[in-house]
Amino acid sequence: LRLYSDQSQVSGGEVETSAALPFLPRPALLDGSLPGDRGFDPFNFASDANSLQWQRKAELKHARLAMLAAAGWPIAELMHKNIADAFD
């Protein structure tokens, strides 16, 4: 669905838009070189190169903790049935 038949009427044609949010301009540092980069940064968290690297490391850390929690929860339920049954 397009409101305009020609996109140059909207953005002038020279602004590259984000693939994730096509109504916003693509952030300068998110050029597609990182894995999974679709140009999604609506709050401009990656405003400079240091912020982008910090956000990237934080995302990896949180993903690894989430994977450990996803594996640890069922194991804890199986190993300690009496504790798990106390919450039912």
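Scope of the values below: all heavy atoms of this structure, side chains included, with no hydrogens, waters or symmetry mates. This chain uses plain numbering: 1 for the first residue, then up along the sequence.
- Within the 4.5 Å cutoff, the side chain of Glu59 has no heavy atoms near those of the His62 side chain.
- The structure places CD of Glu77 at 8.5 Å from CG of Asp85, a figure rounded to the nearest 0.5 Å.
- Considering every non-hydrogen atom in both Ser18 and Gly39, the closest pair reads OG-O, 2.7 Å.
- Among all heavy-atom pairs drawn from Asp41 and Ala46, the shortest one is OD2-N, 3.0 Å.
- Residue Leu52 is not grouped with residue Leu60 when hydrophobic side chains (ILVMFWY) are merged at heavy-atom distances under 4.5 angstrom, including chains of intermediate members.
- The cluster map of Ile, Leu, Val, Met, Phe, Trp and Tyr, joined by side-chain heavy atoms under 4.5 Å apart, puts Phe40 and Phe45 in different clusters.
- Note that CG of Leu21 is 11.0 Å distant from CZ of Arg26, once rounded to the nearest 0.5 Å.
- A 4.5 Å side-chain heavy-atom check between Asp31 and Glu16 finds every atom pair outside the cut-off.
- How far CD of Gln53 is from CG of Leu29: 9.5 Å, rounded to the nearest 0.5 Å.
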